[in-house]
Amino acid sequence: MATTAVPQVINGIISVLGASSALSGVRIFDGPEIDMSYPSDFIAVGHDGSEDGEVSVANVTQVFEQLGNMKQFEDGSVECFLSTWDGGTSLSARRTRAGVILSAVDSAIRADSTLAGSCIYSLLSSHQMTYLQTDQGAAVNISFTITYRART
């Protein structure tokens, strides 16, 4: 019996997003393996968007419920980060694209809320949008959280 469902949930998120046709062309990274020179749209699963080296991946709480066999419910959240950049200067275009990508993430999670069987249910529970304006163009970033419940 696994102590936590986090590894399977992260694998499930990567699998569900990678299988989504609406996210075709959006690169899916597993955690902080991001190559920041990647000049397009990407999602990093298990990444809070920080660039300081250490990133926040997940938070978990577990409780015993009266299940008779001492199983626990695990309530957790996985931090994710998406970015859209094309070298242009239009924040409006990037903001629109970021919204499209976030909607595709939400639709993929809703279509398989068990994240390939790794949990009882999951949902896109929160998000925060930020802008980045540099001499190489504008980017829109969204840090988002996928919340889940599992039995361990």
Side-chain angles (χ1 to χ4, degrees), residues 1-86 93-132 139-152:
M1 173 186 309
T3 300
T4 182
V6 169
Q8 295 81 11
V9 167
I10 290 172
N11 289 340
I13 294 169
I14 292 166
S15 175
V16 166
L17 297 184
S20 170
S21 62
L23 291 170
S24 176
V26 176
R27 190 162 173 192
I28 310 295
F29 289 101
D30 184 355
E33 69 176 280
I34 299 169
D35 174 1
M36 291 308 283
S37 67
Y38 186 68
S40 192
D41 304 332
F42 71 84
I43 297 171
V45 177
H47 195 301
D48 63 3
S50 67
E51 297 179 19
D52 297 340
E54 185 173 314
V55 299
S56 178
V57 176
N59 293 296
V60 172
T61 59
Q62 295 177 333
V63 295
F64 281 112
E65 296 290 336
Q66 297 298 338
L67 301 175
N69 59 1
M70 297 303 287
K71 288 220 172 210
Q72 294 177 324
F73 278 115
E74 177 174 298
D75 293 311
S77 60
V78 176
E79 302 301 321
C80 300
F81 177 76
L82 75 81
S83 183
T84 178
W85 174 78
D86 67 357
R94 293 300 90 210
R95 187 174 49 248
T96 299
R97 178 67 180 147
V100 167
I101 295 170
L102 188 65
S103 292
V105 168
D106 185 49
S107 294
I109 299 298
R110 288 178 188 229
D112 185 355
S113 65
T114 68
L115 301 172
S118 64
C119 62
I120 299 168
Y121 64 82
S122 65
L123 64 133
L124 179 90
S125 57
S126 66
H127 62 277
Q128 177 184 3
M129 183 181 291
T130 58
Y131 296 148
L132 180 61
V140 173
N141 302 320
I142 299 179
S143 298
F144 62 96
T145 303
I146 296 174
T147 303
Y148 69 90
R149 175 165 257 206
R151 273 182 78 187
T152 60

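Below, each value reflects all heavy atoms present in this structure, side chains not excepted, and no hydrogens, waters or symmetry copies. Just so you know, residue 1 is the first one in the sequence shown, and it goes up from there.
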Q: Kindly give the heavy-atom pair with the smallest separation between Ser83 and Ala139, and that separation in Å.
A: OG-CB, 4.5 Å

(Q) For Glu54, is there any backbone N or O sitting under 3.5 Å from a side-chain donor or acceptor partner on Ser50? (A) yes

Q. Crowded around Arg149 CZ? As in, over 12 foreign heavy atoms under 6.0 Å?
A. yes

Q) What are the two closest non-hydrogen atoms of Phe81 and Ser143, and how far apart are they? A) CD1-OG, 3.7 Å

Q.
Quick check for you: to the nearest 0.5 Å, what is the distance between Arg95 atom CZ and Ile142 atom CD1?
A. 10.5 Å

Q: Find the distance between CD1 (Ile43) and CG (Leu23) and round it off to the nearest 0.5 Å.
A: 5.0 Å

Q) Is there a donor-acceptor pair under 3.5 Å between the side chain of Ser122 and the backbone N or O of Ser113? A) yes

**Q.** Interatomic spacing from CD1 in Ile13 to CD1 in Ile109 - rounded to 0.5 Å
**A.** 6.0 Å

Q: Measure the CG-CH2 distance between Asp41 and Trp85 for me, rounded to the nearest 0.5 Å.
A: 11.0 Å

Q. Tell me, do Ile101 and Phe42 make a side-chain contact under 4.5 Å, heavy atoms counted?
A. no

Q. Going by heavy atoms in the side chains, are Val26 and Arg97 under 4.5 Å from each other?
A. yes

Q: Pick out which of Thr61, Thr152, Thr4 makes a side chain to side chain donor-acceptor pair (under 3.5 Å) with Glu74.
A: Thr4

Q. Going from CG on Asp30 to CD1 on Ile10, what distance comes out if it is rounded to the nearest 0.5 angstrom?
A. 7.5 Å

Q) Run the side-chain contact (heavy atoms from CB on, under 4.5 Å) check on Phe73 and Gln62 step by step: do they pass? A) CA-CA 6 Å; Phe73 278 115; Gln62 295 177 333; over 6 Å; no

Q) Is there a side-chain contact between Leu124 and Leu102 (heavy atoms, below 4.5 Å)? A) yes

Q: Could you walk me through whether Val45 and Ile146 pass side-chain contact (heavy atoms from CB on, under 4.5 Å), step by step?
A: CA-CA 10 Å; Val45 177; Ile146 296 174; over 6 Å; no

Q) Of the non-hydrogen atoms in Gly12 and Ser118, which two are nearest, and what is the gap between them? A) CA-OG, 4.4 Å

Q) Which pair of heavy atoms, one from Gly46 and one from Val57, lies closest together, and at what distance? A) O-CG2, 3.7 Å

**Q.** Minimum heavy-atom distance Cys119-Val9, with the two atoms named
**A.** CB-CG2, 4.2 Å

Q: To the nearest 0.5 Å, tell me how far Tyr148 OH sits from Ile120 CD1.
A: 11.0 Å

(Q) Between Glu79 and Thr145, do the side chains contain a donor N or O and an acceptor N or O under 3.5 Å apart? (A) yes

